[in-house]
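A note on names: the letters A, B, ... follow the listed sequences, proteins ahead of strands, and every chain is numbered from 1.
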There are 2 protein chains.
Amino acid sequence: QAGSSSYQHSNGSTKMQRVMIIGGDGYCGWATALHLSNKGYQVAIVDSLVRRLFDHQLGLDSLTPIASIHNRLRRWKSITGKNIELYIGDICDFEFLAESFNSFEPDAVVHFGEQRSAPYSMIDRSRAVFTQHNNVIGTLNVLFAIKEFREECHLVKLGTMGEYGTPNIDIEEGYITITHNGRTDTLPYPKQASSFYHLSKVHDSHNIAFTCKAWGIRATDLNQGVVYGVRTDETELHEELNNRFDYDGVFGTALNRFCVQAAVGHPLTVYGKGGQTRGYLDIRDTVQCVELAIANPANPGEFRVFNQFTEQFSVNQLAALVTKAGAKLGLDVQTTNVPNPRVEAEEHYYNAKHTKLIDLGLQPHLLSDSLLDSLLNFAIKYEDRIDKKQIMPSISWKKVGVKPKTVVA
Amino acid sequence: QAGSSSYQHSNGSTKMQRVMIIGGDGYCGWATALHLSNKGYQVAIVDSLVRRLFDHQLGLDSLTPIASIHNRLRRWKSITGKNIELYIGDICDFEFLAESFNSFEPDAVVHFGEQRSAPYSMIDRSRAVFTQHNNVIGTLNVLFAIKEFREECHLVKLGTMGEYGTPNIDIEEGYITITHNGRTDTLPYPKQASSFYHLSKVHDSHNIAFTCKAWGIRATDLNQGVVYGVRTDETELHEELNNRFDYDGVFGTALNRFCVQAAVGHPLTVYGKGGQTRGYLDIRDTVQCVELAIANPANPGEFRVFNQFTEQFSVNQLAALVTKAGAKLGLDVQTTNVPNPRVEAEEHYYNAKHTKLIDLGLQPHLLSDSLLDSLLNFAIKYEDRIDKKQIMPSISWKKVGVKPKTVVA
Ligand SMILES: NC(=O)c1ccc[n+]([C@@H]2O[C@H](COP(=O)([O-])OP(=O)(O)OC[C@H]3O[C@@H](n4cnc5c(N)ncnc54)[C@H](O)[C@@H]3O)[C@@H](O)[C@H]2O)c1
Ligand SMILES: NC(=O)c1ccc[n+]([C@@H]2O[C@H](COP(=O)([O-])OP(=O)(O)OC[C@H]3O[C@@H](n4cnc5c(N)ncnc54)[C@H](O)[C@@H]3O)[C@@H](O)[C@H]2O)c1
């Protein structure tokens with residue numbers, strides 16, 4: 001793998017690269033923070049902890065018990081001797097963000113810090129507005145902070161494969177060359193997002209592209225697929241370093257959710273026909289991809305887009321894989337087709353390119369029997385923590401209304 | 001011209017169409033409100049009057065003296081006997097918007113109500129954030145209001161030609177058919193906006209397209225070119241019905257600004273090389289286009305995009321036209337190339353389609369000597385109201401920072 005966690009100054013001295021991880025208390029962010037810290041990067045986490053608030057408000061919880069961010073960091077320090085700095089605050093509050101920038105002086109910012117659930121963004125008007133405000137304004141603030149305080153700082157921003165939707169042509173990495181009426185240009189790939197959350201990512205991408213051009217910001221947009229798995233080398237070191245694992249209908253993502261369903265004997269909930277095909281990746285590859293992006297930064301003014309996933313699966317294919325893996329463990333896994341709460345094509349062409357991270361050296365962890373085994377065993381281990389009421393989808397794309405929705409236990 | 005201001009109920013009775021004009025106190029909105037009222041539509045204006053606040057805060061003023069919205073509407077009533085309802089409030093405040101919807105019960109909403117100056121959005125971080133918040137959240141609220149209270153209501157939303165940027169291929173109306181690796185699809189035309197304002201329109205377009213698909217909203221996105229002119233049939237009726245005319249470096253648009261510059265003997269301010277080509281239209285065509293869109297509504301679920309302009313000009317071409325028209329009036333018009341405060345291509349291919357409104361019956365007022373004469377005479381008439389300090393551009397795309405900018409008189 002190319003790159004390294006330190007770089008040589010013009011005066012000859014070597015300095016550790018300083019990486020700010022916004023959203024570092026979340027699922028991808030926590031794994032990435034530990035991974036980079038372990039690799040010798042100087043890491044700071046910026047997080048408002050709002051994700052933990054959502055859980056409280058909606059009555060949800062991670063399958064895995066997770067320690068407070070303070071205890072997580074204390075434990076990491078005691079085990080490895082490595083210090084991760086912590087800035088608690090909302091990046092929509094620019095005064096707070098500016099303080100964090102000036103105090104930590106990052107060389108790279110990895111921005112995971114958004115409301116990232118499509119169903120959450122479709123609960124009611126107020127959550128739709130919250131999602132777009134939180135994500136779009138937060139990212140604008142990050143761009144202004146880089147411009148003002150750390151011009152050279154490389155922005156690594158998490159986008160999603162969902163920005164592209166399901167066009168009937170191959171999905172390229174960020175750009176597409178179009179020949180039209182005898183002329184040719186390479187343009188941003190057209191976006192067809194299908195939730196207020198996914199749309200917020202499309203907005204971010206456009207805003208970032210503009211600032212790269214206008215201000216010379218260097219940015220990498222990682223259009224990530226659906227992440228599965230929970231263990232990484234670092235979180236395994238101690239239970240207090242556990243990552244979160246969402247299995248509920250709001251924050252749980254496809255494969256993780258199926259494993260929990262299989263473990264508790266709940267039929268796998270296939271939405272609609274199950275032909276929905278998406279890109280997927282192991283959380284161990286998320287951390288690898290981010291490291292590769294940081295180690296090989298974009299040039300000043302460059303808006304670089306990588307499609308960050310390793311394999312494509314349809315929902316039906318995932319269900320079949322989990323059924324098979326469950327059988328090996330003696331689980332009788334059933335599947336049920338529930339009415340699709342989303343608005344999406346259930347049978348469609350899907351072929352998305354994903355070579356740029358491979359070219360940088362990504363060594364994928366492809367979905368394997370052993371990973372499925374371990375996920376299923378994980379779910380079985382924490383079975384008594386599972387709230388079965390949270391499994392079925394309860395948020396409908398078509399029914400979202402203006403009345404604030406409260407959740408009754 | 002097709003369509004009409006009334007429609008037949010299934011029970012046989014005819015009812016006047018009810019049109020809500022958000023931003024109806026502004027430049028395009030005021031002209032449109034009067035025009036539709038005159039044509040027999042039942043009109044309501046929704047406006048927070050924030051545009052007048054910007055003028056106060058930045059020390060700007062319309063070339064033409066404009067009456068308060070209350071006096072404007074009183075005068076209109078006294079002259080024509082027609083009543084225009086008025087709802088003063090911010091559409092980002094959903095309680096207010098919901099009230100207006102439920103009280104007025106619109107059949108169509110024309111949404112002009114956004115912060116619409118690119119330079120304003122590039123003054124400082126706080127105005128960049130304001131612009132995106134105001135425009136994106138305001139439009140989200142309108143979409144939710146339609147879904148919740150007036151499902152059948154047709155949304156006519158003002159976008160801008162600036163959403164497309166200046167690609168090296170022909171610009172189509174909203175969508176482009178792409179053949180790629182042997183497969184074909186018709187996708188949203190790629191967007192390359194170049195200010196936080198223009199970006200807010202791109203965000204709006206994506207949000208609206210999604211709600212058409214997910215909720216069956218019927219919407220027309222009018223990607224409008226640069227509007228010039230000031231008089232319409234209705235505003236001519238009385239001085240208290242005057243439309244606003246912006247000539248300053250923040251809100252003034254190209255042709256209008258040049259006419260004022262010519263009138264006061266200020267050299268025409270061509271930014272950079274002056275090869276920047278854009279679509280333009282007469283304000284009398286703005287009102288016509290909106291009327292055509294309302295009279296021929298989009299179907300439920302349809303997201304329809306029209307490019308709303310009548311002619312293309314480069315900045316240099318406009319300068320030459322104004323120079324020539326000035327000479328006829330005995331004005332010695334000079335031109336000066338000022339450093340471009342924007343980030344944009346100054347020499348580029350530009351060929352944008354604009355046939356859909358013509359197909360609906362638009363009869364363009366092409367830019368003519370007599371229009372230029374009248375604009376120049378207008379500027380001469382109000383010469384003593386012109387503040388020459390406001391003419392030069394003072395906002396730089398590259399220098400926008402996080403520090404709040406105040407304006408010193
Ligand atoms: N998990 C996936 O499968 C997946 C797939 C594609 C893309 N992504 C993207 O990766 C990123 C991380 O996803 P995740 O699954 O780890 O989400 P997560 O919800 O577990 O973590 C996000 C973190 O950001 C924090 N945050 C949110 N808004 C903030 C704000 N305004 N200020 C400060 N902190 C804020 C939250 O408190 C949380 O800790 C997101 O941007 C998401 O869209 C995730
Ligand atoms: N003038 C042009 O050349 C031009 C060109 C292309 C597109 N457009 C679009 O046409 C629309 C109208 O432009 P204009 O030149 O008339 O602008 P304007 O600034 O004169 O009018 C906009 C009006 O909207 C109101 N408004 C803004 N935010 C609001 C909010 N949150 N709630 C309620 N009212 C609000 C303002 O008070 C103002 O009266 C805008 O959306 C603009 O982007 C204009």
A:Ala193, part contacting chain B, at a heavy-atom distance under 4.5 Å: backbone
Region of A:Ile178 in contact with chain B, defined by heavy-atom distances below 4.5 Å: both
Heavy-atom contact with chain B under 4.5 Å, split by part of A:Glu172: side chain
Heavy-atom proximity to chain A below 4.5 Å, by part of B:Lys147: side chain
Residue among B:Trp397, B:Phe149, B:Tyr189 with most heavy-atom pairs under 4.5 Å to chain A: B:Trp397
Between B:Ala98, B:Ala145, B:Ser195, B:Ala128, the one whose heavy-atom pairs under 4.5 Å with chain A are most numerous: B:Ser195
Ring pair (Phe, Tyr, Trp, His ring centres under 6.0 Å) partner of B:His354, chosen from B:Phe309, B:Phe306, B:Tyr164: B:Phe309
Option that, when pairs with chain A are counted at under 4.5 Å, heavy atom only, ranks first among B:His133, B:Arg125, B:His206: B:Arg125
Within 6.0 Å of NZ in A:Lys353, more than 12 heavy atoms from elsewhere: yes
Pairs of heavy atoms under 4.5 Å with chain B: top-ranked of A:Thr186, A:Asn207, A:Thr179, A:Asn181: A:Asn207
Residues B:Lys213 and B:Glu302 bridged, charged N to O under 4.0 Å: no
Contacting moiety of A:Val129, where chain B heavy atoms sit under 4.5 Å: both
Distance-only side-chain donor-acceptor flag, B:Tyr197 / B:Asn135, under 3.5 Å: no
Chain A interface, residue from B:His198, B:Glu344, B:Lys403, B:Gln192 that has the most non-hydrogen pairs under 4.5 Å: B:Gln192
Structural part of B:Val136 lying under 4.5 Å from a heavy atom of chain A: side chain
Part of B:Leu143 lying under 4.5 Å from any heavy atom of chain A: neither
Distance flag, aromatic centroids of B:Phe54 and B:Tyr120, threshold under 6.0 Å: yes
Region of A:Lys399 that comes under 4.5 Å of a non-hydrogen atom in chain B: backbone
Atom group of A:Val202 that falls short of 4.5 Å from chain B, counting heavy atoms: side chain
Best-contacting candidate, A:Leu187, A:Val343, A:Thr211, A:Ile169, against chain B by heavy atom pairs under 4.5 angstrom: A:Ile169
Interchain contact, B:Thr184 with chain A, by part (heavy-atom threshold 4.5 Å): backbone
Among the listed options B:Asn168, B:Asn141, B:Thr177, B:Val400, the residue most often paired with chain A at heavy-atom distances under 4.5 Å: B:Asn168
A:Gln132 side, atom CD; A:Ile137 side, atom CD1 - distance, nearest 0.5 Å: 10.0 Å
Sub-6.0 Å ring centroid separation between A:Phe196 and B:Phe210: yes
